[in-house]
Asks: 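The following block contains the structure, expressed as structure tokens.
Each chain gets a letter, A, B and so on, in the order the sequences are listed, and its residues count up from 1. Since this is a predicted model, take the numbers as computed values, not measurements.
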Number of protein chains: 2
Amino acid sequence: MPNRFVRKLENFEKLPKTDRQAIVDVCQNIRKVAARNVMLEPGDWSYLFVSGLACRYQMLEDGTRQITDFIVPGDLCNGYSVLPDSGICSLSQCSVAYIPRDRLAQVMERHPRISRAFWRLAVAEATILRAWTANIGGRPADKRVAHLLCELCHRLCAPDDPGSNSCTLPLSQVDLADATALSPVHINRVLGRLRERKLVGLQRRSITVEDLRRLMAFGQFNGAYLHDVGAPA
Amino acid sequence: MPNRFVRKLENFEKLPKTDRQAIVDVCQNIRKVAARNVMLEPGDWSYLFVSGLACRYQMLEDGTRQITDFIVPGDLCNGYSVLPDSGICSLSQCSVAYIPRDRLAQVMERHPRISRAFWRLAVAEATILRAWTANIGGRPADKRVAHLLCELCHRLCAPDDPGSNSCTLPLSQVDLADATALSPVHINRVLGRLRERKLVGLQRRSITVEDLRRLMAFGQFNGAYLHDVGAPA
DNA sequence: CGAAAGGTTGAAACTTCTCAAGCAGGGTGG
DNA sequence: CCACCCTGCTTGAGAAGTTTCAACCTTTCG
């Protein structure tokens, strides 16, 4: 199950078998979390997401919820940066490996390579966050939405079906609005236009990317910044 | 000189003297970079910023420049995430320690604690990036500008003068526009209003925060997310 | 001295938001 | 099984915030 995490780490740092095993060992305590559940980032546990989709968000002073990033299988959430008014919310049903904080520290102590891989991974994730900022700050609504959907497809769907040109995302329109910093009403209109062009399909609580390649062109999406994190094996 | 970096790392992980020394040793090759210089993130070097202010940016398809974060003394830029259309630009004169990539790898190999501290630091920086997203996505222009200025003051000025209530930032209005995702014209008007309220002062290529405490209240700034990185010793 | 860069100001245009009302589906209790 | 409610989606119209265009000014620099 945590293979995907190991695979991701090995994008950065080839790990000897003992290191890989150490990671697998530490990920035994897996639990299911229902969709639409707020998961407080706890002080003593780290989360390794095994399946499902979640998002990190921040509440602003005026009651707005800003989603700051999505969490996909193979992502590690260490509760170090617990802030008031921020949290993690599952969007679909997720399974999550709960890792005691001190065991993780122990593993890093004993396997320096893992520490370094963690660092590289964190740096790569920062690149994704910057692309998010650029997307929200710089692109008009329709391309912004398209770009975000493309990112999610790549991070979420690609590993299971590399050549896939379509992918269903468990997002409500309000979720998308909070992620793109647009109003739900506007999101609805933008999605309507994307649907007219047969780029996406809309369901009650999910959005299907029908033609990923054309959507990428439309949203000027270049996946280089994903740094192959989560790419097919 | 790199003391500030060590100090930052030790926010996360107490380092033995040998580790601290290893970092200092690796930071000997210091060069000056003039203001307004594009510094390509090179493949073989890491940069440790010692003094000055720089920014990371990303060019978008329509020619917009989006600044995604600021780089302050004590920040480490490892060129791993070199992307097309993104780069680093000095805003003031900077001094930068150039560190050969392989030496840094070596240091991490020999000093596992340093790797772990690097990881923690990268995670903390991600928190700052998320706050940036939330700021751009969620706040109206005036508060957004105020918030950004507050962040910069905290990261840039505080270490030198903890209790300071004012601080001069080497930013042109266009820089601020690119950082906040607002047009230069609008930035100009917003700054005009902040000046009327005696919150900031405007110079030709710099902005002075005159009353940081009031500006923080106005921009609803809570520095918790800075995670004490760069905080006074 | 001229040119370039940064800043200032006004007016019109545009994107996006808000408010408001209405519809559809899915689950629940009667 | 139906009525109901709740959530999520849809649509229209007016309002707001922000952008664009354009002109002009000021300072710096070559």
Asks: Would you mind checking if B:Asp62 and A:Arg139 are paired as a salt bridge, meaning a charged N to carboxylate O distance below 4.0 Å?
Replies: no
Asks: Atom CG of B:Leu176 to atom P of C:dA5: distance rounded to whole Å?
Replies: 20 Å
Asks: Expressed as a whole number of angstroms, how long is the span from B:Asn188:CG to D:dA23:P?
Replies: 18 Å
Asks: So, for B:Phe70 and B:Trp132, is the gap between ring centers shorter than 6.0 Å?
Replies: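 Under 6.0 Å, so yes.
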Asks: Check nucleotides 15-19 of chain D against the protein and report each pair of N or O atoms closer than 3.5 Å, with its distance, or say if there are none.
Replies:
residue	atom	partner	partner atom	Å
D:dT18	OP1	B:Ala141	N	3.2
D:dT18	OP2	B:His186	NE2	3.3
D:dT19	OP1	B:Ser183	N	3.3
D:dT19	OP2	B:Ser183	N	2.9
D:dT19	OP2	B:Ser183	OG	3.0

Asks: Measure CG/A:Leu202 against P/C:dA24 and give the value in whole Å, please.
Replies: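 Distance, rounded to whole Å: 16 Å.
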Asks: Salt bridge or not for B:Asp178 and B:Arg65, using N-O below 4.0 Å?
Replies: yes
Asks: Check the distance between D:dC6's P and A:Arg36's CZ and give it to me in whole angstrom.
Replies: 18 Å
Asks: What about A:Arg204, does its side chain sit under 3.5 Å from the base of C:dA24 through a donor-acceptor pair?
Replies: no
Asks: Can you label the angle between the B:Tyr98 ring and the B:Tyr47 ring as parallel, tilted or perpendicular, going by 30° and 60°?
Replies: perpendicular
Asks: How long is the line joining CD of A:Gln203 and P of D:dT10, in whole Å?
Replies: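 Going from A:Gln203 (CD) to D:dT10 (P), I get 10 Å.
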Asks: So that I can tick it off, tell me whether A:Asp142 and A:Arg197 are bridged by a salt bridge, with the cut-off set at under 4.0 angstrom between side-chain N and carboxylate O.
Replies: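 Answer for the salt bridge query: no.
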Asks: Looking at the rings of A:Phe221 and A:His154, which for Trp means the six-membered one, are their centres under 6.0 Å apart?
Replies: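 Distance test on ring centres: under 6.0 Å, yes.
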Asks: Send over the distance from B:Leu171 CG to C:dA5 P, rounded to a whole Å.
Replies: 19 Å
Asks: B:Ile207 CD1 to C:dG6 C1': how many Å, rounded?
Replies: 12 Å
Asks: Let's see if you can work this out: which of C:dG6, C:dT8, D:dC9 has an atom nearest to the side-chain heavy atoms of B:Gln173?
Replies: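 The nucleotide sitting nearest to the side chain is C:dT8.
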Asks: For D:dT10, does OP1 or OP2 lie under 4.0 Å from any side-chain N or O of A:Arg195?
Replies: yes
Asks: Salt-bridged, B:Asp69 to B:Arg155, with N to O below 4.0 Å?
Replies: no
Asks: Mind calculating the distance between CZ (A:Arg205) and P (D:dG8) to the nearest angstrom?
Replies: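 To the nearest whole Å, that distance equals 5 Å.
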